[in-house]
Number of protein chains: 2
Amino acid sequence: MHQPSDIEIARAAEKRPIREIGAELGIPEEALLPYGHDKAKVGAGFIAGLAGRPRGRLVLVTAINPTPAGEGKTTTTVGLGDGLRRLGHKAAICIREASLGPCFGMKGGAAGGGRAQVVPMEDMNLHFTGDFHAITAAHNLLAAMIDNHIYWGNALGLDQRRITWRRVMDMNDRALRQVVCSLGGVSNGFPRETGFDITVASEVMAILCLATDLDDLQRRLGAIIVGYTRERAPVTARDLKADGAMTVLLRDALQPNLVQTLEHTPAFVHGGPFANIAHGCNSVIATDTALRLADFVVTEAGFGADLGAEKFMNIKCRKAGLAPAAVVVVATVRALKMNGGLGKDDLGAEDVAAVEKGCANLGRHIENVKSFGVPVVVAINHFTGDTEAEIAAVQAYVRTQGSEALLCTHWAEGGAGTQALAARVAEIAAADRANFAPLYPDEMGLFHKIETIAKRIYRADEVLADQRIRDQLHAWETAGYGHLPVCMAKTQYSFSTDPSLRGAPVGHSVPVREVRLAAGAGFVVVICGEIMTMPGLPSRPAAEGIGLTAEGAVEGLF
Amino acid sequence: MHQPSDIEIARAAEKRPIREIGAELGIPEEALLPYGHDKAKVGAGFIAGLAGRPRGRLVLVTAINPTPAGEGKTTTTVGLGDGLRRLGHKAAICIREASLGPCFGMKGGAAGGGRAQVVPMEDMNLHFTGDFHAITAAHNLLAAMIDNHIYWGNALGLDQRRITWRRVMDMNDRALRQVVCSLGGVSNGFPRETGFDITVASEVMAILCLATDLDDLQRRLGAIIVGYTRERAPVTARDLKADGAMTVLLRDALQPNLVQTLEHTPAFVHGGPFANIAHGCNSVIATDTALRLADFVVTEAGFGADLGAEKFMNIKCRKAGLAPAAVVVVATVRALKMNGGLGKDDLGAEDVAAVEKGCANLGRHIENVKSFGVPVVVAINHFTGDTEAEIAAVQAYVRTQGSEALLCTHWAEGGAGTQALAARVAEIAAADRANFAPLYPDEMGLFHKIETIAKRIYRADEVLADQRIRDQLHAWETAGYGHLPVCMAKTQYSFSTDPSLRGAPVGHSVPVREVRLAAGAGFVVVICGEIMTMPGLPSRPAAEGIGLTAEGAVEGLF
């Protein structure tokens with residue numbers, strides 16, 4: 001039998017007009033700004049009017065450490081949303097927008113899979129509603145204004161060697177990682193070293209995803225530090241008078257996008273910050289809007305729970321006053337086997353021992369999430385080859401951790417495959433058992449915050465950092481940034497900073513290579529290991545196979 | 001009395017829902033892809049179905065050589081469209097989209113002015129429907145694939161010193177004009193010199209504006225020459241397998257945008273190629289679609305008639321099989337005075353002699369346009385300070401040229417101010433008096449084509465070109481590109497290549513500095529003088545004053 005591909009399923013989907021999706025949440029048609037007939041932005045005026053309403057329950061979907069075998073976080077987010085809606089609940093999901101650049105590198109979209117997808121899939125993996133292009137433009141306007149300021153006399157005294165604001169492009173383009181600009185003589189400015197990051201790595205992206213309204217957006221944009229003077233005094237976007245124009249460029253982009261799942265569950269798809277040098281969650285505005293309109297909102301966070309859930313709790317929830325009512329940790333038998341030591345080619349045969357060994361990774365994530373005061377349910381995202389004994393082993397292990405693991409078949413069956421999970425999650429969330437608190441208080445010192453995460457989440461013995469880095473953190477504390485949360489950038493493949501250390505490593509150290517202040521986003525980025533902020537294309541980029549079919553459909557993108 | 005500003009008038013406008021604007025042209029609602037409630041793209045499927053329909057009459061609005069005093073080409077295009085519609089004709093206008101970058105440099109939008117504007121003005125000067133962002137992405141994807149191809153072994157043998165494809169950004173950013181990329185070591189590629197142009201200067205922009213459908217678009221994109229091998233053999237986007245993915249990125253952008261004038265006349269706003277290194281007109285698809293749906297279509301071309309109308313006729317009309325039924329040459333008394341030798345500060349007092357002297361510029365444009373076999377009407381775009389004697393002088397002069405000059409007050413009165421012009425244009429166009437032919441045949445040699453334009457349009461004595469340039473043109477002829485039209489890039493301020501030579505200079509030479517082959521767009525660019533393809537920001541960029549008001553409106557953009 002032909003197993004339909006994700007794109008075949010998505011294309012065959014009968015989408016409802018987006019005004020009907022909005023109507024299900026009580027959004028009047030005039031509050032929707034349509035982009036075609038299947039996408040809309042929810043108007044800022046309508047959102048402002050929701051402020052007084054109570055919030056529904058927030059459910060976070062996170063996962064064990066990712067492996068090449070896949071976990072299915074977005075797929076589970078979609079499936080759980082559909083499952084809750086099938087049970088009669090007013091439910092919505094919130095996920096991130098896809099970045100354009102990577103679509104032309106390795107195949108693969110970011111809208112779920114199988115029968116648990118968000119549509120229109122093609123649009124979501126291309127320009128969508130233009131949010132990322134707006135972010136690119138706002139980011140690069142600031143960059144142009146920096147060099148222009150220097151060109152016309154540099155009244156602010158920016159030290160050209162200390163400009164930290166780079167440019168961005170939503171493209172995988174390694175040639176732009178490091179450039180010398182302003183060459184060619186007097187009329188082109190003062191040559192200096194700089195480079196490009198991919199748009200999702202922009203601080204503007206993180207700001208858009210944390211801002212609560214246009215005023216807050218402009219305040220945060222203005223606070224961006226673009227560089228320093230020779231006296232090491234910070235120069236901000238506000239000093240350059242760029243914050244107003246940047247806000248204008250982002251005015252539409254700040255309004256969350258509404259689409260639908262294959263089962264017509266309302267889906268907010270908005271923002272997409274990197275999960276390493278940024279916090280990796282969809283926008284606060286989308287989550288908050290969904291919570292004012294639905295009884296249950298299912299959302300996700302990037303990478304494994306050590307990075308994604310930690311940042312969701314310590315950055316997004318702390319800053320936005322959100323509190324999850326329950327957390328779902330997604331695991332697959334295949335990924336647990338890899339965490340248990342198997343290679344990618346050895347996943348075909350039943351291996352209960354490997355599953356049991358890999359469960360240590362899952363167990364630690366469960367324990368970590370519980371340490372935030374939030375109840376945990378495990379979703380076993382079913383793959384065809386999983387055996388009953390393997391599944392039973394996971395379930396038995398999770399019971400020993402005081403939680404419950406439910407088998408989900410949403411990839412093959414959509415919301416019908418998550419009925420048990422949805423019922424359990426709804427029960428837990430509605431019981432208000434959560435007693436959420438971030439891991440550390442605002443007033444804790446910056447280095448102490450890093451240590452807290454490293455020891456309590458990563459289970460490291462120590463944090464290694466040069467005096468230079470410690471001095472920098474102290475300097476920021478003195479300058480009034482000590483209250484900020486820290487945003488850890490490390491490999492997503494391990495609790496440690498060594499990507500090859502699967503399972504539940506102990507006794508490791510966390511070396512801090514660099515710290516960066518994202519004063520507009522409102523966090524201190526702590527870089528542990530090599531972090532790539534501008535990907536490259538592979539030797540055979542997916543772009544080579546992308547094109548339109550004779551019928552005008554997109555092929556090769558997924 | 002307070003004279004309302006353009007933006008105040010635009011904001012006060014009562015826009016009709018875009019589906020009503022479409023309905024006036026017979027476009028069913030399901031063929032419109034809405035972007036908000038006041039913008040829509042016209043679906044490709046609907047457009048394909050129009051192929052058999054007869055075309056309405058096409059009216060080109062062009063102008064005398066621009067001066068700092070202004071002419072009002074777009075304003076007149078809008079006013080004439082409104083005027084024709086007031087007379088009961090089924091009319092539409094076609095204009096170019098605005099570039100984002102310049103909006104943050106010098107104040108000023110590109111949607112007409114006064115009572116003759118296209119709305120929504122704010123959107124049109126910001127992201128609009130995302131077309132330019134799509135062009136930027138498609139252009140830069142090709143750039144990334146070039147460097148990626150070299151990185152992974154350079155199987156096509158591209159000579160890194162002979163890569164002609166640069167990158168683009170829709171921003172005024174002089175720091176990007178000339179850069180060295182791929183610095184930083186092995187993993188970032190091979191360092192080389194390159195740079196960025198502004199998006200409107202991209203060949204992809206010219207291609208989008210000349211393509212007739214998606215197949216033609218992909219064929220043209222594939223034909224783009226990105227550089228040469230050491231053996232001087234061209235390497236194309238098709239060789240790099242980039243044409244399919246670029247087409248996918250441009251699929252939505254190729255569909256023309258429909259908005260409205262203040263008087264609800266349907267306005268197609270689509271594409272915006274540079275008027276120097278490209279042909280400076282809105283898209284062929286928009287013009288052709290409008291002509292299938294309306295009885296009269298008013299459109300414009302960039303700069304003065306020596307550049308804009310010449311390229312409209314010799315490139316756009318030739319390639320798209322279009323033929324204008326009439327041409328309107330816009331002049332203002334103030335600009336004629338400047339052409340007559342007055343400085344910008346001397347325009348306040350009546351000076352009939354200066355007007356008469358400046359009419360030489362107008363007269364030559366009339367004669368040039370007539371040489372294409374198309375009847376000409378002059379529109380005097382009225383400014384408050386114009387005196388009756390000055391206006392009468394223009395009208396008398398134009399009569400001596402065998403044409404007619406009609407006073408228009410559309411800036412102050414909208415379509416009511418162009419009733420005489422509209423009636424005359426409709427009469428001439430409906431009489432089918434035009435006998436349009438391009439200035440030169442396809443089979444004429446490339447250098448001969450340049451000479452023909454220089455002598456017959458610019459009235460130069462000679463074209464100066466190094467042997468290197470003549471050899472290059474011969475080489476392209478040998479390679480099969482000899483049939484292409486030439487796209488002249490020279491100053492817009494004079495018939496000559498010296499911007500300070502106003503009026504109707506004679507006896508000058510046209511020095512050709514450089515020639516470039518735009519094989520995808522389908523023309524040879526002939527650069528005469530300094531042409532800037534990446535603008536810079538001024539010392540006090542408009543961006544510094546742009547922001548949102550407390551009510552959420554954009555200020556400082558216009």
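Just so it is clear: chains get the letters A, B, ... in the order the sequence lines come, proteins before strands, and each one is counted from 1.
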Verify the neighbour count for atom CD of Glu20(A): are there more than 12 heavy atoms of other residues, nucleotides or ligands below 6.0 Å?
yes

For residues Leu249(B) and Phe104(A), determine if any side-chain heavy atom of one lies less than 4.5 Å from a side-chain heavy atom of the other.
yes

Interface check, chain A: of Leu183(B), Ile150(B), Ile146(B), most non-hydrogen pairs under 4.5 Å belong to Leu183(B)

Would you give the length of the straight line joining atom OG1 of Thr129(A) to atom NE2 of His127(B), rounded to the nearest 0.5 angstrom?
10.5 Å

Specify the closest pair of heavy atoms between Cys181(B) and Ala175(A), including all atoms of both residues, with the distance to one decimal.
CB-O, 3.3 Å

From Ile546(B) CD1 over to Thr247(A) OG1, what is the distance, rounded to the nearest 0.5 angstrom?
11.5 Å

Once you round to the nearest 0.5 Å, how far does CZ of Arg167(B) lie from CG of Leu176(A)?
4.5 Å

Do Met169(B) and Thr136(A) have side chains that approach each other closer than 4.5 Å (heavy atoms only, starting at C-beta)?
no

At a 4.5 Å cut-off on heavy atoms, which part of Leu100(B) comes close to chain A: side chain, backbone, both, or neither?
side chain

Which of the residues Ala44(B), Gly189(B), Ser187(B) is involved in the greatest number of heavy-atom pairs with chain A at under 4.5 angstrom?
Ser187(B)

Given heavy-atom pairs under 4.5 angstrom as the criterion, report whether the side chain, backbone, both or neither of Tyr151(B) touches chain A.
side chain

Please determine, among Gly130(A), Ala134(A), Ala242(A), the option with the most heavy-atom pairs under 4.5 Å with chain B.
Ala134(A)

Go through the side-chain N and O atoms of Arg177(B) and Asn188(A) and say whether any donor and acceptor fall under 3.5 Å apart.
yes

What distance do His37(B) atom NE2 and Glu30(A) atom CD have between them, rounded to the nearest 0.5 Å?
8.0 Å

Under a 4.5 Å heavy-atom cutoff, which of Arg251(A), Met145(A), His149(A) has the most pairs with chain B?
Arg251(A)

Atom OG in Ser182(B), atom CG in Asp173(A): separation rounded to 0.5 Å?
7.5 Å

Looking only at Gly185(B), Ser539(B), Gly547(B), the option with the highest number of non-hydrogen pairs under 4.5 Å against chain A is Ser539(B)

Contact origin within Ala137(A) toward chain B - heavy atom pairs under 4.5 Å
both

Shortest non-hydrogen contact from Ala144(A) toward Met171(B):
CB-CG, 4.1 Å

How about CD on Glu193(A), more than 12 heavy atoms from neighbouring residues, nucleotides or ligands closer than 6.0 Å, or not?
no

Tell me, side chain or backbone of Leu141(B) under 4.5 Å from chain A's heavy atoms, or both, or neither?
both

How far does CG of Asn172(A) sit from CG of Asn140(B), to the nearest 0.5 angstrom?
12.5 Å

Can you give me the closest heavy-atom contact between Gly36(A) and Leu33(B), atom names plus distance?
CA-CD2, 4.1 Å

If you count heavy-atom pairs within less than 4.5 Å of chain B, which of Val248(A), Asn148(A), Val179(A) leads?
Asn148(A)

